[in-house]
Novice: 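Provided herewith is a single structure, encoded as structure tokens, for subsequent inquiry.
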Amino acid sequence: MSIRLEHLNYIYSAGTAFERQALNDIDLEFPDGQFIGMIGHTGSGKSTLIQHLNGLLKPTSGRVLYNSEDIFAEGFDLRRLRSKVGLVFQYPEHQLFETDVFTDVCFGPKNLGLPKEEIEARALAALQQVGLKEKYYKMSPFELSGGQKRRAAIAGILAMEPEMLVLDEPTAGLDPKGRDDILDQVAKLHSERKITIVLVSHSMEDIARYVERIIVLNHGSVLFDDTPREVFRHYRELEQVGLAAPQVTYLVHELEEKGWDIPTDVTTVEEAAQAIAGTFKSMSQR
Amino acid sequence: MGIIKASKLAFDYLKMDEEGKVESKSRAIDDVDLDVEEGDFIAILGHNGSGKSTLAKHINAILLPTEGTLYVDGKDTRDESKLWEIRQTAGMVFQNPDNQIIGTIVDEDVGFGPENMGVPQQEIWQRVEDSLKKVGMWEYRDHSPNKLSGGQKQRVAIAGVVAMRPKCIVLDEPTAMLDPNGRKEVIRTVQELNRQEHVTVILITHYMEEVIEADKVIVMDQGKIVMQGTPHEVFSRVEELRGYRLDVPQATLVAHELQRMGLPLPDGVLSNEELVCELEKLQRHVQLS
Amino acid sequence: MLREITIGQYYPADSVIHKLDPRVKLAGTLVFIVSLFAFASVEAYLLATLVLAAVIRASKVPLKFMLRGLKTIFILLLFTVAFNLFLTRGTPIFHFWIFTVTKEGVKTAVFMAIRLVYLIIGSSVMTLTTTPNNLTDGLEKALSPLRRIRVPVHEIAMIMSIALRFIPILLEETDKIMKAQTARGADFESGNLIQRVRNMISLLVPLFVSAFRRANDLAMAMEARGYHGGEGRTKMRPLVYARRDKLAYLAMLLYLIAMFFVNRIGFFAGIIRW
């Protein structure tokens with residue numbers, strides 16, 4: 001499956017004093033199986049954009065194509081699209097409402113009108129995919145810890161068996177271990193189940209560690225759309241729009257400024273360590 | 001004696017059944033000793049559920065110790081007659097910016113604390129102006145808080161506490177819900193208050209980058225203090241920190257990684273600047289030999 | 001962008017009306033509304049129109065905003081006019097199917113419509129020129145004598161002002177949860193009754209949970225900032241009457257007297273005409 005955005009414009013409160021253009025002529029392609037990161041400062045249009053991917057927002061102008069079908073065309077089944085494009089909002093645990101975790105995860109597939117056995121099989125599979133232990137299934141979602149609640153909420157989306165998973169800052173408010181756990185689970189979903197992932201994040205370090213492609217939004221337009229290596233090469237421009245590169249990118253740039261012969265297209269801790277060690281090695285060989 | 005002194009502090013959360021009988025107890029903080037000097041910048045680290053927020057709430061006498069004692073500026077927090085003095089001495093800033101702003105206009109919110117203290121009207125305005133200027137939000141004094149960014153809201157919340165002229169400010173994960181720029185704004189504001197106004201700061205967080213300039217870092221796990229020392233001392237124990245579900249700054253990680261590859265770097269490198277400096281030293285050494 | 005909606009729709013401007021004490025504006029609105037009911041005549045309504053127009057001009061709020069409130073009462077207005085038009089007995093003007101329109105009917109319908117419209121515009125002038133908190137303060141002060149009979153006036157005012165701050169936040173939250181559940185296949189617009197109820201539960205439970213969490217946080221934040229009820233509390237904006245407020249009261253009195261006389265002229269003129 002693939003999703004394409006064509007000349008997408010979105011204007012909030014059109015025709016009132018509060019009118020604001022949130023998206024400006026967006027052209028983007030989300031092909032099958034990619035792990036995409038989306039960055040941009042607060043108010044750059046990220047949240048607005050992702051809500052177009054499953055038809056929660058209708059563009060003011062432009063088209064959203066799902067497998068080259070216009071999702072706002074007459075007769076298009078938006079509910080089916082929503083099961084194919086799973087959208088995990090910020091603080092998704094705030095949407096939990098059932099008496100126990102398992103029933104809550106069943107809510108999505110139930111809405112799809114599936115038979116009972118299928119619903120329960122999917123819920124079970126989803127809970128296993130997020131790595132939530134079985135002893136929590138029958139507990140009230142409100143008794144779980146923050147990280148567990150978040151997993152339960154993500155399972156609620158996965159139970160719809162989406163082909164694409166869009167996560168809006170899935171690690172907000174979690175502690176470092178909780179952050180790594182969630183992101184590792186997401187990466188696993190991508191590698192094992194070939195689900196397309198769109199990860200919206202403020203953490204350049206996380207983005208650099210996981211994604212293969214970065215979309216940078218600024219004032220409702222696409223500023224960059226490339227591999228992490230290429231995007232973070234523009235770290236000065238990123239700073240101008242309120243973003244930054246991973247810390248290690250700055251580290252190697254600082255070394256280069258001091259006259260070191262070192263590759264600067266470094267985005268992760270491992271790469272930085274390799275680059276520095278490599279430089280030392282060639283130094284001692286000389 | 002320091003401004004905050006806890007000895008053998010312990011706190012149990014009680015779970016009640018329907019008849020109000022204690023069903024189960026869980027110890028949130030356990031045998032904590034703490035001595036904070038006036039003017040210090042203390043950072044408390046710990047994963048979610050490690051007891052750091054429970055500890056913070058004790059300093060403001062929102063929670064009272066189950067066992068042990070806690071003195072704030074020489075006052076026992078269990079002494080009910082000193083309650084309002086304690087709350088004025090140790091102000092508190094919480095995590096969710098939306099849920100701690102009471103006023104519908106910025107200046108009104110900042111004046112809320114002084115109003116409660118019964119400060120005369122003229123002085124309230126003086127304090128509101130002073131504290132809004134200190135956090136750099138004076139231009140926004142007549143704005144609605146709903147239209148501010150997360151970082152701005154937290155600065156207003158800080159101003160609201162500053163207006164009560166506390167000796168100490170406790171910030172309970174003030175940046176957890178903010179974006180990186182908001183986080184920087186808030187931390188910068190807190191650092192300035194500490195340096196220029198000599199307000200004692202207790203910052204609770206799990207963002208490691210925010211604590212590298214603290215005077216002292218305390219790590220909590222399962223209600224206990226498990227590590228404490230200068231940032232250098234604490235961050236030199238990378239593996240141990242990971243065991244407590246914590247992280248270290250990227251520069252520290254790179255140094256750690258390089259050490260493992262055999263480069264003789266010192267422990268506890270905290271920032272890019274330090275790492276560059278150490279690597280330069282090493283480079284000169286290699287070139288000489 | 002639900003957060004843009006402010007309850008009470010305050011329109012910031014620098015005008016005399018904005019600067020008036022909220023108690024004056026409360027009293028003024030009350031006086032105006034009472035006058036519309038007490039003095040019902042063409043002449044009195046002409047005077048009321050003049051005064052209202054003058055106040056609106058002085059407030060520097062565009063007329064457009066004043067009229068916005070009418071949208072919400074449009075249906076009510078339609079019903080009131082229809083009821084009065086068709087159900088008032090008197091001298092018939094013409095018949096229409098089973099309805100008879102009378103002279104008296106036309107008159108009461110028109111008067112009722114004017115009353116309703118002016119009532120809304122009159123109170124809009126107050127809400128558009130007074131911040132919600134200022135209004136709450138005004139109410140608190142105006143109702144403070146009730147404290148003697150143990151009405152918790154301060155607490156009520158505090159509850160009102162907190163509600164005013166949190167309504168936009170909760171509206172936004174409702175929107176968010178609704179979208180999150182829609183993303184899980186919930187449908188809030190169609191489906192049979194059972195499905196709809198189930199979907200409403202998926203919205204209401206999280207909303208209540210969130211409201212309680214916020215209430216809990218807020219209570220803690222207020223306590224941490226030394227809030228312990230109205231006792232011993234000072235105010236950063238105490239309400240004190242200025243000269244213009246006293247003048248405004250005088251103007252209200254003059255308005256009432258003028259209405260009384262104009263109405264009497266109208267009364268005599270009315271006898272001659274009808």
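In this text the structure is predicted, and so the values were computed from the model without any measurement. Proteins get letters first, then strands, A, B, ... in listed order; numbering begins at 1 in each.
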Novice: So C/Tyr227 and B/Arg87, side-chain contact (heavy atoms from CB on, under 4.5 Å) or not? Walk me through it.
Specialist: CA-CA 10 Å; C/Tyr227 181 72; B/Arg87 292 208 170 139; over 6 Å; no
Novice: By ring-ring contact (aromatic ring centres under 6.0 Å, His included), which residues pair with B/His206, not counting sequence neighbours?
Specialist: none
Novice: Between the side chain of B/Thr104 and the main-chain N/O of C/Arg165, is any donor-acceptor distance below 3.5 Å?
Specialist: no
Novice: What residue, out of C/Gly230, C/Ser161, C/Ala221, C/Ala215, has the most heavy-atom pairs lying under 4.5 Å from chain B?
Specialist: C/Ala221
Novice: With a sphere of 6.0 Å drawn around NZ of C/Lys235, does it hold more than 12 non-hydrogen atoms of other residues, nucleotides or ligands?
Specialist: yes
Novice: Walk me through it: do B/Gln100 and C/Leu218 pass the test side-chain contact (heavy atoms from CB on, under 4.5 Å)?
Specialist: CA-CA 5 Å; B/Gln100 58 182 317; C/Leu218 189 73; 5.7 Å; no
Novice: Hey, what do you get for CD (B/Glu115) to CE (C/Met236), rounding to the nearest 0.5 Å?
Specialist: 6.0 Å
Novice: Out of curiosity, B/Glu108 CD to C/Asp137 CG, how far, rounded to the nearest 0.5 Å?
Specialist: 7.0 Å
Novice: Which one of C/Met222, C/His228, C/Arg213 has the most heavy-atom pairs closer than 4.5 Å to chain B?
Specialist: C/His228
Novice: To the nearest 0.5 angstrom, please state how far the CG atom of B/Asn116 sits from the CZ atom of C/Arg225.
Specialist: 8.0 Å
Novice: Going from CE on C/Met220 to CZ on B/Phe94, what distance comes out if it is rounded to the nearest 0.5 angstrom?
Specialist: 4.5 Å
Novice: Can any side-chain N or O of B/Gln88 pair as donor or acceptor with the backbone N or O of C/Gly226 at less than 3.5 Å?
Specialist: no
Novice: Begin with the C-alpha distance, continue with both residues' side-chain angles, and end with the deciding distance and a verdict on side-chain contact (heavy atoms from CB on, under 4.5 Å) for B/Gln121 and C/Thr234.
Specialist: CA-CA 7 Å; B/Gln121 189 213 355; C/Thr234 43; over 6 Å; no
Novice: With only heavy atoms counted, which part of B/Val93 is less than 4.5 Å from chain C, the side chain, the backbone, both or neither?
Specialist: neither
